[in-house]
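Working notes, beginning with the structure itself.
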There are 2 protein chains.
Amino acid sequence: MPSFTPQDLASDPPAAATDIWDQWLAPLEAADHAYVPVRVADVLRRAISAGQILPGTKLPEVKITTRLGVSRHTLRSAFQMLSADGLVDRRPNRGVFVHVPTSEDVREIYRIRLILETGAVRTTVFPPEATQQLIQITRGAERAREAGDVLAMGQANQEFHQRLVAQARSSMLDELMSKVLARMRLVFAGRLGDPDFHAAYVAGNVKLAELLSRNRREEAEEHLVNYLLSAEQDLLRRLKT
Amino acid sequence: MPSFTPQDLASDPPAAATDIWDQWLAPLEAADHAYVPVRVADVLRRAISAGQILPGTKLPEVKITTRLGVSRHTLRSAFQMLSADGLVDRRPNRGVFVHVPTSEDVREIYRIRLILETGAVRTTVFPPEATQQLIQITRGAERAREAGDVLAMGQANQEFHQRLVAQARSSMLDELMSKVLARMRLVFAGRLGDPDFHAAYVAGNVKLAELLSRNRREEAEEHLVNYLLSAEQDLLRRLKT
DNA sequence: AATCGCATATTGTTGAACAATCATGTGACC
DNA sequence: GGTCACATGATTGTTCAACAATATGCGATT
């Protein structure tokens, strides 16, 4: 699975007959009624989150429009959405580039998660259905770990924490958390070749869910704080090397 | 200062020779280099936040483009930004409307503020410069109250809490807080005729700043929680009537 | 080797056009 | 008189073509 290198994609491919963009960006199938810009944004979002388009890569308008068969305006509209998601950076008169996450990004991510997730735990009561759902997700994560499915493990982990925040019952907070997790995926997609990062934290999720189900709020919060702080340190350490 | 009524703006004005849009939307001055869509968004944002365009009002594309002298594409780009800010709602194939805040919105706002602001207080240390800045803002609010400048009071209040969140040092959180406060202004701009709502809370801000400056984190947090909860109840009560 | 200037490519914005969808009003029918 | 169907008009969604403004790269000049 070759993923192409940053920057030099804008220039012609060395000797490839087929342009590299063709690999990931198929023409939009004539779908029913979803707005074209959001479908375009979805395609790009998927490709970026999956690490098929690496951080730092420039996304040239004409290349993509011709591949996708949409107008430049439509693509630009999609770019705006991706920009709002924090997946791409818009550099004036230069184009949009897949955001390159930094270690400062990682620190900010965990600062936000600390506030959001502990906030959710502290300010809301978790009904049995909610904790049950969380436990369900951890079960899936454990199965994925046993099966060696790293991707599914990561997804389960993210869903767990997304659900945690969802308990605060705020679409704005949900959106922010999605944004944060998307940037998180960007960190992984970028340089992290060691993807069983999540493995160590499945157990942490299990314990957290269990504490919440027994309504041990204080302990849950303390556990969560330690969880996040150590995850941050762990991730930063891995990125250093 | 007449503010025009929702909905029926799309139809012709009763007997006015000048179209109502002309009142607030002057043609864009040929400014230097800021992107046209963001300038358009700024104009509309200002008009909406100031209550000149009331919640529920439809924003027709051609009317505004002709008044502002920009292309439809540019306006649509601006609409996307306003939509991301939560100031307008995009109804498919119908157009964009100024968001109509509900009491559920108010509850969500305070749920978010509770998490964000207490989170900022708990997870960050407030250096003297920061607390000094907060106190400075409360001074301005008190002066505004004495001068009877309700608008300035509200702005100072909002800036105070924005600064509070800013201590968490996260641009994403800053953006979210801006979004929340923008929606707050929408609540006021809408039906709230009683604008000295903020007056009661200037004292609360003063006390909070003082507690923070003395590094009384626990008390500050407790005070903040009570502050927010009572403000929410107060606001909801006023909206009911 | 470094700098300047110019040709070229890409982005930012506009205008016109058309398809698709929604809103309106008219008339037929009960 | 009221209600439904339908035709009409208006508005939004999208594309195409064009041009201005800015950045990029290359070659000439020193």
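In what follows, chains are A, B, ... by sequence order, proteins preceding strands, each numbered from 1. Just so we're clear, the structure is a prediction, and the values are computed from it rather than from any experiment.
- The distance between atom CZ of B:Arg91 and atom C1' of D:dG13, rounded to the nearest whole Å, is 17 Å.
- Taking atom CD of residue A:Glu61 and atom C1' of nucleotide C:dT13, one finds them 11 Å apart after rounding to whole Å.
- In this structure, CG on A:Asp105 lies 8.5 Å from CG on A:Leu186, to the nearest 0.5 angstrom.
- Residue A:Tyr35 contributes atom OH, which lies 14 Å from atom P of C:dA20 at whole-angstrom precision.
- What separates CZ of A:Arg72 from C1' of C:dA9 is a distance of 11 Å, to the nearest Å.
- Residues that satisfy the ring-ring contact (aromatic ring centres under 6.0 Å, His included) test with B:Tyr201, not counting sequence neighbours, are B:Phe197, B:Tyr227.
- Comparing A:His73 and A:Val96 against DNA chain C, the residue whose closest nucleotide sits nearer the 5' end is A:Val96.
- Taking A:Asp89 as the reference, A:His99 meet the side chain to side chain contact (heavy atoms under 4.5 Å, CB included) condition, with sequence neighbours excluded.
- Here the C1' atom of nucleotide D:dC16 and the CZ atom of A:Arg76 are 15 Å apart, to the nearest Å.
- Judged by distance alone, with hydrogens and angles left aside, the side-chain atoms of B:Glu108 form no donor-acceptor pair with the main-chain N or O of A:Arg169 at under 3.5 Å.
- Rounded to whole Å, the distance from CG on A:Leu59 to P on C:dG12 is 13 Å.
- OP1 or OP2 of C:dT11 has at least one side-chain nitrogen or oxygen of A:Lys58 nearer than 4.0 Å.
- The salt bridge (charged side-chain N to carboxylate O under 4.0 Å, His left out) test applied to A:Asp174 returns no partner, not counting sequence neighbours.
- Side-chain proximity of A:Thr74 to the nucleotides C:dT13, D:dG13, D:dT15 is greatest for D:dT15.
- Following rounding to the nearest Å, B:Phe79 (CZ) and D:dT12 (P) show an atom-to-atom distance of 8 Å.
- Protein atom CG of A:Leu68 is 10 Å distant from nucleotide atom P of D:dT15, rounded to whole Å.
- The side chain to side chain contact (heavy atoms under 4.5 Å, CB included) search around A:Gln155 returns A:Leu151, not counting sequence neighbours.
- For B:His73, the ring-ring contact (aromatic ring centres under 6.0 Å, His included) partners two or more places apart in sequence, or in a different chain, are A:His73.
- Put simply, B:Arg90 has a side-chain N or O that comes within less than 4.0 Å of OP1 or OP2 on D:dG13.
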Please write out each protein N/O paired with an N/O of nucleotides 23-25 of chain D under 3.5 Å, distance rounded to 0.1 Å.
unit_1 : atom_1 : unit_2  : atom_2 : d
D:dT24 : OP1    : A:Arg94 : NE     : 3.3

